[in-house]
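Residue numbers run from 1 in the order of the sequence given.
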Amino acid sequence: MLVTLGSERFPFSRAVRVVARSLPPDAEVVWQLGHTQAPSDLPGTVHQWLPFDDMRSAAENADVVITHCGVGSTLMALRAGKCPVVFPRRSKFSEHVDDHQEELAGALAASGLAIVAGSNPKNVRDLITRAAAQNAVPFSPG
């Protein structure tokens, strides 16, 4: 699994907490946290930053890609043939300056290009399972 929070200058601790609590016990996870501090007990391989080629390779090899709903990260997942689980940043939590990521998440979900996560760990766990099943067959975003 790849979890990427992009390069936004805003921390996204809410996503890290929810995703970490939602992981299946046997999950192998690569994290790219950007400006978010990693909790000391975060499972998996943790990177503040990953070179683009490494991130693209991680996305291609992942069963599931979870990403903030940034355009670049979402396109990277789609180009890797994945239907990503997107976790939009919200301005009310100081995760971004506005709620454009929620708007993009809605459009992607309506088009069948992404699965939108919320803040409930049980729901996110279910979405991870759904994305893994969906990504087990070839996914064509076009």
Side-chain angles (χ1 to χ4, degrees), residues 1-136 139-142:
M1 184 177 311
L2 170 65
V3 180
T4 176
L5 304 183
S7 60
E8 301 293 342
R9 65 174 190 233
F10 303 97
F12 201 10
S13 300
R14 179 174 62 96
V16 172
R17 283 190 308 273
V18 171
V19 171
R21 287 193 308 249
S22 306
L23 294 172
D26 59 342
E28 294 179 25
V29 186
V30 174
W31 299 82
Q32 182 272 315
L33 299 178
H35 290 283
T36 303
Q37 289 293 76
S40 60
D41 60 346
L42 194 61
T45 305
V46 179
H47 303 274
Q48 289 306 127
W49 305 102
L50 273 172
F52 180 77
D53 287 340
D54 293 348
M55 180 122 45
R56 183 180 57 212
S57 178
E60 289 169 352
N61 292 310
D63 293 324
V64 176
V65 175
I66 300 175
T67 181
H68 75 134
C69 199
V71 173
S73 297
T74 303
L75 284 174
M76 179 210 46
L78 291 169
R79 287 180 179 143
K82 307 301 177 190
C83 178
V85 175
V86 294
F87 204 116
R89 294 171 179 267
R90 300 190 60 198
S91 63
K92 80 176 190 177
F93 299 124
S94 300
E95 297 163 349
H96 217 302
V97 297
D98 60 25
D99 289 326
H100 71 278
Q101 287 196 1
E102 285 192 299
E103 294 170 17
L104 177 58
L108 290 166
S111 299
L113 295 175
I115 300 168
V116 180
S119 295
N120 180 329
K122 182 182 182 328
N123 291 346
V124 173
R125 189 174 303 115
D126 293 343
L127 298 177
I128 290 169
T129 302
R130 185 172 134 205
Q134 186 163 340
N135 288 327
F139 176 74
S140 177

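The shortest non-hydrogen separation linking Met55 to Leu2 is O-CD2, 3.9 Å. Here the shortest heavy-atom pairing between Val65 and Ala77 reads CG1-CB, 3.8 Å. The two atoms that bring Ala117 and Pro88 nearest to each other are O-CD, 3.9 Å, heavy atoms only. Between Gly6 and Ser73 the shortest heavy-atom distance is CA-OG, 3.9 Å.
The line from CD of Gln32 to OG of Ser7 is 7.5 Å long, rounded to the nearest 0.5 Å. To the nearest 0.5 Å, atoms CE (Met1) and CD1 (Ile128) are separated by 4.5 Å. Between the CH2 atom in Trp31 and the CG atom in Leu50 there is a gap of 13.0 Å [rounded to 0.5 Å].
Side chains of Leu127 and Val64 form no contact here, defined as non-hydrogen atoms less than 4.5 Å apart. Residues Pro84 and Val86 meet the side-chain proximity criterion, which asks for heavy atoms closer than 4.5 Å. Taking 4.5 Å as the limit, every side-chain heavy atom of Val3 sits out of range of all side-chain heavy atoms of Phe87. Between Trp49 and His35 there is a side-chain heavy-atom pair separated by less than 4.5 Å. Between Thr67 and Met76, the closest side-chain pair of non-hydrogen atoms is not below 4.5 Å.
Other residues, nucleotides and ligands contribute at most 12 non-hydrogen atoms within 6.0 Å of the CD atom of Glu28. Atom CG of Asp63 has 12 or fewer heavy atoms from other residues, nucleotides or ligands within 6.0 Å.
Ring geometry for His96 versus Phe10: interplanar angle of 30 to 60°, hence tilted.
Ser57 contributes no side-chain N or O that, together with a main-chain N or O of Asp53, makes up a donor-acceptor pair within less than 3.5 Å. Here the side chain of Arg21 pairs no donor or acceptor atom with the backbone of Arg125 at under 3.5 angstrom. With hydrogens and angles disregarded, no donor-acceptor distance shorter than 3.5 Å links the side chain of Gln101 to the backbone of Arg90. Using modelled atom types, one side-chain atom of Thr36 and one backbone atom of Phe12 make a donor-acceptor pair closer than 3.5 Å.
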List, one per line, each side-chain donor-acceptor pair under 3.5 Å for residues 39-47, sequence neighbours excluded.
none

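Salt-bridge annotation for Glu8 and Arg89: absent, with no side-chain N of the basic residue lying under 4.0 Å from a carboxylate O of the acidic one.
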